[in-house]
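Note that the coordinates shown come from a computational prediction; the quantities given were computed from them, not determined experimentally. Chain naming here is simple, since letters A, B, ... match the order of the sequence lines and numbering starts at 1 in each.
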Amino acid sequence: MNNMQNFTKGFFKENAVFVLLLGMCPTLGVTSSAINGLGMGLATTFVLIMSNLVISLVSTMIPDKVKIPSFIVIIASFVTIVDLVMAGYVPALHEQLGVFIPLIVVNCVVLGRAEAFASKNKLVPSIIDGAGMGLGFSMALTMLGAVREFFGTGKVFDFPIFKENYGMLVFVLAPGAFLALGYLIAIINRLRKA
Amino acid sequence: MAGKKESTFINMVLVLFIITLVASAALGGLYELTKEPIAKAKLNKKLKAIEEVVPAFDNNPSEEMYEVAMPSGDKLEFYPATMGGKLVGTAVKTFTTNGFSGYVWVMVGFKPDGTVNNYSVLEHKETPGLGTKMADWFKPVDPTKVKLSLVEKLGKLVGIKPAATKGGAEGDKKSIVGKNPGTINFTVSKDGGDIDAITAATISSRAFLDAVQTAYNEYMKKNNNKEISHVGTHSSATSKQATNSNKEGGKS
């Protein structure tokens with residue numbers, strides 16, 4: 001598999017949300033609007049790239065039986081680093097995304113890629129895999145957020161399409177996340193098989 | 001894989017020890033590095049919030065800050081804002097534990113008579129997209145700043161007039177600005193109050209109003225026995241002394 005395929009597989013063929021069904025907790029939880037989805041996606045992308053980078057470097061030194069605990073420590077460290085640096089130097093952005101950052105630790109996309117890809121591959125492909133998977137994850141979350149925001153409040157990225165009063169509030173609430181995600185997965189699967 | 005470490009006891013302990021050591025050292029160092037910027041950012045946010053919620057002032061409210069301990073152990077912070085020695089408003093950093101997920105911290109500004117001047121939500125963990133709306137929900141709607149939706153714009157092109165933005169009765173019922181918790185019932189309309197709750201976030205709305213009410217109660221308690229002395233002494237005394245007299249007034 002070349003680097004290009006490595007990068008693009010995260011968007012469509014092996015999209016974390018629509019195909020692998022990984023990381024459902026943040027996917028369902030934070031996508032009440034498009035901007036929330038995008039923010040969560042990009043923060044995850046950063047952690048994914050960094051953890052893939054480190055894990056691909058140190059994986060040969062880690063005995064198999066303590067692989068998972070080691071990966072979790074590495075991932076949690078990067079999440080805390082992101083959290084602290086953002087709180088200190090970009091407080092405005094941190095305010096927007098603050099609630100999502102600690103959630104990244106429990107995101108199985110990150111651990112999944114560490115286990116399935118980074119621990120078996122070299123540095124460069126691992127970074128590319130992290131970037132592709134992360135951006136694909138961001139794309140999926142933004143799409144889901146946009147759909148929910150549109151039906152729920154009549155806006156997309158805060159840009160009003162129709163009046164908020166006519167929105168179906170259920171789409172912003174938890175059940176709407178399942179509904180929207182289900183239909184999006186169905187559409188993507190149809191397209192994939194076509 | 002070549003060179004893979006065996007899962008022996010020594011290996012596992014050693015590897016985990018090194019990884020956690022490196023991670024904690026890195027995080028500890030970073031924490032020290034970012035401690036100051038984070039504290040600074042928080043302070044800036046607080047100062048900005050004070051400026052936002054009280055009318056224009058020329059003193060330094062942080063220097064005259066006084067606190068009131070609540071039964072829960074947390075403190076309300078009062079920031080009196082004066083203009084030319086005259087009290088123009090007080091910013092109160094207040095909180096509630098009734099939020100949908102934990103504490104909600106609000107900076108609310110009162111005019112001397114207890115009317116809400118403005119507010120600013122400082123910290124909360126409410127649901128994004130629902131409870132988070134409290135940042136603007138309880139402020140009055142400015143009809144000139146309401147953006148027309150795309151459908152309305154298209155409608156306008158073919159000659160359909162957009163519906164008027166609700167500024168009047170319904171818009172007013174959401175807002176707490178310019179209202180006095182002493183005369184208006186600061187609970188959500190579902191509970192028989194005079195304020196409309198955020199759609200689908202009644203708990204967050206209740207919590208928010210609870211925080212404002214707490215601030216108002218403590219503010220009035222303070223003000224009833226020392227408001228006059230505060231305004232009176234302020235022009236002649238330095239701000240430090242004024243703060244002290246506030247504190248004594250509150251205790252008596």
Side-chain angles (χ1 to χ4, degrees), chain A residues 29-33 35-36 39-40 58-67 69-71 73-74 76-78 80-81 83-92 94-96 98-100 119-120 145 148-149 152-156 158-167 169-170 172-174, chain B residues 1-16 18-27 30-42 44-45 101 122-130 132-133 146-155 162-163 165-166 199-201:
Chain A
V30 306
T31 52
S32 55
S33 70
I35 193 75
N36 282 355
M40 179 67 182
V58 300
S59 63
T60 52
M61 287 177 262
I62 298 172
D64 277 338
K65 278 188 183 165
V66 291
K67 221 156 73 175
S70 312
F71 291 172
V73 172
I74 292 168
S77 305
F78 278 113
T80 315
I81 288 171
D83 197 29
L84 285 174
V85 169
M86 275 175 60
Y89 299 100
V90 274
H94 186 259
E95 210 171 293
Q96 290 280 315
V99 279
F100 310 139
S119 67
K120 299 184 187 108
R148 289 179 65 189
E149 195 183 356
T153 66
K155 298 173 191 161
V156 172
D158 258 346
F159 178 79
I161 310 281
F162 63 85
K163 260 182 109 67
E164 191 163 353
N165 310 20
Y166 304 123
L169 198 68
V170 68
V172 183
L173 301 172
Chain B
M1 197 179 277
K4 188 93 187 164
K5 282 261 191 315
E6 293 279 328
S7 290
T8 60
F9 183 74
I10 297 289
N11 270 349
M12 290 195 287
V13 171
L14 206 67
V15 165
L16 271 184
I18 292 170
I19 286 179
T20 43
L21 191 74
V22 171
S24 46
L27 290 183
L30 191 75
Y31 174 76
E32 285 300 322
L33 266 178
T34 53
K35 207 157 97 186
E36 226 167 279
I38 290 175
K40 228 167 136 188
K42 272 200 172 157
N44 276 342
K45 201 183 160 194
S101 30
L122 296 175
E123 240 184 280
H124 66 81
K125 295 192 170 66
E126 304 302 295
T127 320
L130 297 174
T132 46
K133 280 190 188 161
V146 174
K147 278 191 284 182
L148 275 185
S149 70
L150 196 66
V151 170
E152 281 171 313
K153 276 180 194 156
L154 290 176
T165 312
K166 284 172 190 143
T199 317

One should read off an interatomic distance between L27(B) CG and L84(A) CG, to the nearest 0.5 angstrom, of 7.0 Å
Heavy-atom nearest pair, A41(B) first then A87(A), reads CB-O, 4.0 Å
**Prompt:** Has E32(B) got more than 12 heavy atoms of other residues, nucleotides or ligands less than 6.0 Å from its CD?
**Reply:** yes
Under 4.5 Å to a heavy atom of chain A? For I18(B) that would be neither
One should read off an interatomic distance between M86(A) CE and I38(B) CD1, to the nearest 0.5 angstrom, of 11.0 Å
Whatever's closer than 4.5 Å to a heavy atom in chain B on S33(A) counts as neither
Of S24(B), A26(B), P37(B), the largest count of non-hydrogen pairs under 4.5 angstrom with chain A goes to P37(B)
Tell me whether the count of non-hydrogen atoms from other residues, nucleotides or ligands lying under 6.0 Å of OH in Y89(A) goes above 12. yes
- Message: How about CG on L21(B), more than 12 heavy atoms from neighbouring residues, nucleotides or ligands closer than 6.0 Å, or not?
- Response: yes
Honestly, the part of K35(B) sitting under 4.5 Å from a heavy atom of chain A is neither
When the 4.5 angstrom heavy-atom criterion is applied to A23(B) and chain A, the contacting part is both
Heavy-atom check, side chain of I19(B) versus side chain of V66(A), under 4.5 Å:
no
Output for pair (I62(A) CD1, N11(B) CG), nearest 0.5 Å, gives 11.5 Å
